[in-house]
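Below: the structure, in structure tokens.
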Protein chains: 2
Amino acid sequence: MKIDTDPKADLSAQIAKSIRDAIINGDMIVDERLPSEAELSDQFDVSRSTVREALKRLAAQSLIRTQRGASGGAFVRRLSYEEAYGQHITTSTLLLSMNAVSFETACEARYALERACAPMACERRNPDHLATMRAETHRQSQPGLSDESFCASDVALHRALVDAAHNPVLSYQLAGAVEAMQPLMNMITFTARSREEIVGIHSRLTDAVEAQDAAKADHALHALEAYTLHLGRDVMAARAQKSGD
Amino acid sequence: MKIDTDPKADLSAQIAKSIRDAIINGDMIVDERLPSEAELSDQFDVSRSTVREALKRLAAQSLIRTQRGASGGAFVRRLSYEEAYGQHITTSTLLLSMNAVSFETACEARYALERACAPMACERRNPDHLATMRAETHRQSQPGLSDESFCASDVALHRALVDAAHNPVLSYQLAGAVEAMQPLMNMITFTARSREEIVGIHSRLTDAVEAQDAAKADHALHALEAYTLHLGRDVMAARAQKSGD
DNA sequence: GCAAGCCAATTGTCCGACAATTAAAACATA
DNA sequence: TATGTTTTAATTGTCGGACAATTGGCTTGC
């Protein structure tokens, strides 16, 4: 087999790229078995260790799975939604935390995307989604809930809203924006007063979705964005002041 | 160092997870140097090969970079937008191609997300974005353009629209939806008539963005979605008929 | 002071060996 | 023959050692 890739990269990276391209191009289909490590060593003319390092790279990207024993080997793996979600969320979270994205930018993106889902969610929501949204709203009104649990419940509610749109592609893309904001949201201290405000907006949002009133849902999401931004700015201002001491 | 992870997984996977968690938790900051492979072998009590396989997994996820020579080693890597984009697009494309997502679903998600950007793009667009959109629209009206180039130009135009919103988080999330649709779009044969129609809508869209008329942009995107869906359905119907012969 | 060369640390690659796992083949038994 | 057991072969997982390649710092000579 040939490897006409960047010659300055490591051999294991070149080999991984070669196989990755074959999978992405569709030259190898799902569940197809790759040659054994020994055969790959021969084909690429490298040691088994190097082949193994290449295969581990592919495994890290969920492109292959390996199985031991006779008739074992490496197989092209079907990328499931669940795994893709997980990878997407991890990457998004790291991207935000490592690149100092402002609270405003993340917040704006999140709510813009949610508003994009809202009309579809209104149209297609079923009782399950509404029940989840109501249950999470109720949980958020419980006194004694930790800030972290409040945030987690918030994410669950918004996830229900997104899922109500019944579009897996949309859910997948949204997951990154919503979940990646959680670390930022966790920095906020939610007072009783602010929780009350948020719960109120969540109620209005759920009502709108139930009534299939897209305009009202859009309005509620705008209100939520404005209020979240307000809370976030207070926190950032306090942090800035503290660091300036 | 401890590894209290799933004991049924490979050692290299456990070690990779252990280090990955440390990076994600923020225990290791960007550009911090990991212990050398030899030290990691000692700490985790495994062979150097196993450590190397773990490190290759992390490198495949762009979490670390390695450097040879004295004062070399593995360093926590800052995840750049460019790399995250690339990973995101690859994953999104594979997710669509491996899971038989319908053209309708992908199309709906794409345009819903683009409509989410439109108001911000109208507000913040600058001459560069408008120029790109106009240039790509013009290119699309050139006779003799291949279907593939037409698609690529289409993506470029929509990318300019998204970038005009000046929100990198939004651009990042959108990239997955827009670019992942390209393989599906490439299956479409664009007739002179359909190109004319699309170019017309693109012109209206660009006009709307220039005039900062969000409602008009939204309308154009709705029209584009409806027309794309129409074209896609024809192709899918033809394919279904052909496979039924 | 400076340049050249040497040195040590570190990753990259290779090799050979053995353990663990697993499916299939061979075999034994009722 | 049917069935359960054992053996075998293929394959990945792990280990240890060896050497090459790279690279920054140190030493030495001038």
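Quick note: numbers below take in every heavy atom, side chains included, and nothing from hydrogens, waters or symmetry partners. Letters go in sequence order (proteins before strands), and every chain restarts at 1.
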I want to check one thing: is the phosphate of [N], taken as OP1 and OP2, less than 4.0 Å away from some side-chain N or O of [X]?
X      : N       : value
R48(A) : dC15(C) : no
T66(B) : dG12(C) : yes
S47(B) : dC15(D) : yes

Take the protein atom [atom1] of [X] and the nucleotide atom [atom2] of [N], then report the distance between them rounded to whole Å.
X      : N       : atom1 : atom2 : result
L55(A) : dT14(D) : CG    : P     : 14 Å
I64(A) : dT11(D) : CD1   : P     : 15 Å
D42(B) : dT10(C) : CG    : P     : 12 Å
I15(B) : dC15(D) : CD1   : P     : 8 Å
L40(A) : dT11(D) : CG    : P     : 11 Å
F44(A) : dC14(C) : CZ    : C1'   : 17 Å
L34(A) : dT12(D) : CG    : C1'   : 13 Å
D45(A) : dC15(C) : CG    : C1'   : 14 Å

Shortest non-hydrogen separation from I89(A) to A175(A) and the atoms involved
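Taking every non-hydrogen atom into account, CG1-O, 4.0 Å.
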Nearest-0.5 Å distance, CD1 of residue I29(A) to CD1 of residue I23(A):
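Between I29(A) CD1 and I23(A) CD1, I get 12.0 Å after rounding to 0.5 Å.
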Assign each of Q67(A) and E37(B) to its nearest nucleotide of DNA chain C by heavy atoms, then name whichever residue's nucleotide is nearer the 5' end.
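Comparing both residues, the 5'-ward one is E37(B).
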Can you work out whether G69(A) or S36(B) has the more 5'-proximal nearest nucleotide on DNA chain C?
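Per heavy-atom nearest nucleotide, the more 5' residue is S36(B).
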D10(B) and R52(A) ion-paired at < 4.0 Å
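No salt bridge links D10(B) with R52(A).
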As a test of reading the structure: which of [options] is closest to the side chain of [X], going by heavy atoms?
X      : options                   : answer
A70(A) : dT22(C), dC14(C), dC15(D) : dT22(C)
R52(B) : dG12(C), dA23(C), dC15(D) : dG12(C)
E53(A) : dT13(C), dA9(C), dT14(D)  : dT13(C)

Is there, by distance only and without an angle test, a donor paired with an acceptor across the side chain of R68(B) and the base of dG24(D) below 3.5 Å?
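Absent.
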Give one of base, sugar-phosphate or nothing for T50(A), where a contact means two heavy atoms less than 4.0 Å apart.
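Answer is sugar-phosphate: T50(A) comes under 4.0 Å of backbone atoms only.
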For R33(B), answer base if it contacts any base atom (sugar-phosphate contacts may also be present), sugar-phosphate if it contacts only those atoms, and nothing otherwise; contact means non-hydrogen atoms under 4.0 Å.
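If one applies the 4.0 Å heavy-atom cut-off, R33(B) turns out to touch the sugar-phosphate alone, with no base involved.
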Assess, by modelled atom type and distance only, whether the side chains of H88(B) and Q173(A) contain a donor and an acceptor separated by less than 3.5 Å.
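There is such a pair (donor and acceptor under 3.5 Å, judged by atom type) between the side chains of H88(B) and Q173(A).
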Excluding sequence neighbours, so at least two apart, what forms ring pair (Phe, Tyr, Trp, His ring centres under 6.0 Å) with F103(B)?
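Counting only residues at least two positions away or on another chain, F103(B) forms no ring pair (Phe, Tyr, Trp, His ring centres under 6.0 Å).
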